[in-house]
Amino acid sequence: MNRTVSEKRAAFRALHQDGCFVLPNPWDIGSARVLESLGFKALATTSAGYAWSVGLPDGQVSRAMSLAYIRQIVAATELPVSADFESGFGVDPEGVAESVRMAVETGVAGISIEDSTGDPANPLRDTDEAVLRVRAARHAIDDCGGDTLLVARAENFFVGKPDLEDTLIRLKAYAEAGADCLYAPGIRTREEIQSVVAAVAPKPVNLLIGPACALTLHEVEALGVRRISLGGSLARAAWGGFMRVVNEIIGRGRFDTLTNVPTNAELNAIFRKIQG
């Protein structure tokens, strides 16, 4: 089945209407195709996972590199793909709009824009400035047809500023500025999640799940969340296995941890099946 870009975007929007779905984050073609083969309904890129794969820390990937990665994942799968587009790759709203138009042209079904600055001394943009950037992204998407889903992220909890009241103010402002889906990475408790869902209702909420969150898919759905992202967790899991093996080799001169990894035959069988 070769779905058009419009069909993928329509399918992606439909996923946000009811229930709750998991949106895993591949960092390369292989991980994207395996996730598709396992039955996931959509995928999202991961800025962190991709950065590590090219030898960079998160936040240091250029716009050109990010767009090339997004194109690669979009081309690798028949599933809708949502782009982790960091803070929009623009110093001002006009720059964000230009970058978003370029991202839409890759065929993505969704684009997320965050309000972080990358400056540890001042990690969050002023709310008014962030709203202008969300609005610029909204206008850019509308100029391109309007069917790409816009996700706006309040990064308070992610950058060490866990102020729930300010998070809610930001998310409501971003919803009013045209965001289709709202996202506050780093919230963990039931109370925090319920507060975010209530604040932006009826618009859908994305929840980032990591190792510190003990909630199940069904519990998250019961809280009113529409989708769950894994962020860089799958990439970290892969790197974790890699580091355990090489640290055993370097530190103890032992190779027995290699017995726990898939064999060549097993991996070849997976990709032959995917290849058809």
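Fair warning: this is a prediction, and the values are worked out from it, not measured in the lab. Throughout, residue positions are numbered sequentially from 1 according to the sequence presented.
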Problem - Main-chain N/O of I141 paired to R101 side chain as donor or acceptor, under 3.5 Å - result: no
Practice task
Measure the CD1-CZ distance between I73 and R33 for me, rounded to the nearest 0.5 Å.
Solution key: 9.5 Å
Problem - Sidechain-backbone polar pair: E192 side chain, T189 backbone, donor-acceptor under 3.5 Å - result: yes
Exercise for the section: For T77 and E36, test the side chains for any donor-to-acceptor distance below 3.5 angstrom and give the result as yes or no. Expected result: yes
Problem - Residue pair F12 / K41, side-chain heavy-atom distance below 4.5 Å - result: no
Problem - Whether R188 side chain and A214 backbone form a donor-acceptor pair below 3.5 Å - result: no
Practice task
Answer whether the closest heavy-atom distance between the side chains of L79 and K8 falls below 4.5 Å.
Solution key: no
Problem - Backbone of G231 reached by a side-chain donor or acceptor of N25 within 3.5 Å - result: yes
Exercise for the section: Provide the closest heavy-atom pair for S82 versus I111 in the form atom of the first, atom of the second, distance. Expected result: OG-N, 4.0 Å
Practice task
State, to 0.1 Å, how close G59 and E86 come at their nearest heavy-atom pair, and which atoms those are.
Solution key: CA-OE1, 3.7 Å
Practice task
Compare all side-chain heavy atoms of P185 with those of F157 and state whether any distance is below 4.5 angstrom.
Solution key: no
Practice task
Give a yes or no answer on whether the side chain of R9 reaches the backbone of V108 with a donor-acceptor pair at less than 3.5 Å.
Solution key: yes
Problem - K203 atom NZ: more than 12 heavy-atom contacts under 6.0 Å - result: yes
Problem - P26 and T46, any side-chain heavy atoms less than 4.5 Å apart - result: no
Exercise for the section: State whether the side chain of S116 and the backbone N or O of G118 hold a donor-acceptor pair below 3.5 Å, judged by distance alone. Expected result: no
Completion exercise
When rounded to the nearest 0.5 Å, the distance separating CG of L207 from CG of L215 is 7.5 Å
Using a 3.5 Å cut-off and no angle test, enumerate the donor-acceptor pairs between side-chain atoms of residues 170-182 and protein atoms at least two apart in sequence or in another chain.
residue : atom : partner : partner atom : Å
R170    : NE   : D166    : OD2          : 2.8
R170    : NH1  : D115    : OD2          : 3.1
R170    : NH1  : R125    : O            : 3.0
R170    : NH1  : Y174    : OH           : 3.3
R170    : NH2  : R125    : O            : 2.8
Y174    : OH   : D115    : OD2          : 2.6
D180    : OD1  : R138    : NH1          : 3.4
D180    : OD2  : R13     : NH2          : 3.4
D180    : OD2  : R138    : NH1          : 2.9
D180    : OD2  : L150    : N            : 2.8

Handout entry: Exam field: side chain E248 to backbone F255, donor-acceptor pair closer than 3.5 Å
Key = no
Problem - Check ion pair R254-D256 (N to O, under 4.0 angstrom) - result: yes
Problem - Flag side-chain contact, heavy atom, 4.5 Å: R63 against E98 - result: yes
Using distance only, find each side-chain donor-acceptor pair of residues 264-276 under 3.5 Å and give its atom names and separation, not counting sequence neighbours.
residue : atom : partner : partner atom : Å
E266    : OE1  : T263    : N            : 2.8
E266    : OE1  : T263    : OG1          : 3.4
N268    : ND2  : N264    : O            : 3.2

Exercise for the section: With sequence neighbours left out, write down each residue that passes side chain to side chain donor-acceptor pair (under 3.5 Å) with D58, or none if nothing qualifies. Expected result: S47
Exercise for the section: Please round to the nearest 0.5 Å and tell me the distance separating atom OG of S112 and atom CG of N206. Expected result: 8.5 Å
Handout entry: Linked, directly or transitively: F40 and V225 (ILVMFWY side chains, under 4.5 Å)
Key = yes
Practice task
Establish, from distance only, whether the side-chain atoms of S233 and R236 form a donor-acceptor pair under 3.5 Å.
Solution key: yes
Problem - Full working for salt bridge (charged side-chain N to carboxylate O under 4.0 Å, His left out) between E219 and R190 - result: CA-CA 9 Å; E219 289 170 333; R190 293 175 184 270; 3.5 Å; yes
Fill in the blank from the handout: The reported gap from CD1 in I70 to CE in M65 (rounded to nearest 0.5 angstrom) is 12.0 Å
Exercise for the section: Could you walk me through whether E105 and C144 pass the side chain to side chain contact (heavy atoms under 4.5 Å, CB included) test, one step at a time? Expected result: CA-CA 8 Å; E105 290 171 358; C144 297; 5.7 Å; no
Problem - Backbone of F89 reached by a side-chain donor or acceptor of S99 within 3.5 Å - result: yes
Handout entry: Side chain T106, main chain R71, donor-acceptor under 3.5 Å
Key = no
Handout entry: pair L234-P24: side-chain heavy atoms closer than 4.5 Å
Key = yes
Handout entry: Straight-line distance of E165 CD to I169 CD1, nearest 0.5 Å
Key = 5.0 Å
Practice task
Give a yes or no answer on whether the side chain of E7 reaches the backbone of T4 with a donor-acceptor pair at less than 3.5 Å.
Solution key: yes
Fill in the blank from the handout: Taken to the nearest 0.5 Å, the spacing of S53 OG from D28 CG works out to 7.0 Å
Practice task
Quickly, which of V100, D142, V104 forms a side chain to side chain contact (heavy atoms under 4.5 Å, CB included) with T148? Name it, please.
Solution key: V104
Exercise for the section: For A184 and T167, work out which heavy atoms get closest and say how close. Expected result: CB-CG2, 3.8 Å
Exercise for the section: Check the pair S6, D147 against side chain to side chain contact (heavy atoms under 4.5 Å, CB included), reporting the backbone distance first and the verdict last. Expected result: CA-CA 7 Å; S6 293; D147 56 350; 3.9 Å; yes
Completion exercise
Heavy-atom closest pair (V151 atom, Y183 atom, distance to 0.1 Å) is CG1-CB, 3.9 Å
Exercise for the section: Please work out whether the ring planes of F21 and H16 are parallel, tilted or perpendicular, with thresholds of 30° and 60°. Expected result: perpendicular
Problem - Heavy-atom side-chain proximity of E129 to D92 below 4.5 angstrom - result: no
Problem - Validation row: V81, T45 side chains within 4.5 angstrom (heavy atoms) - result: yes
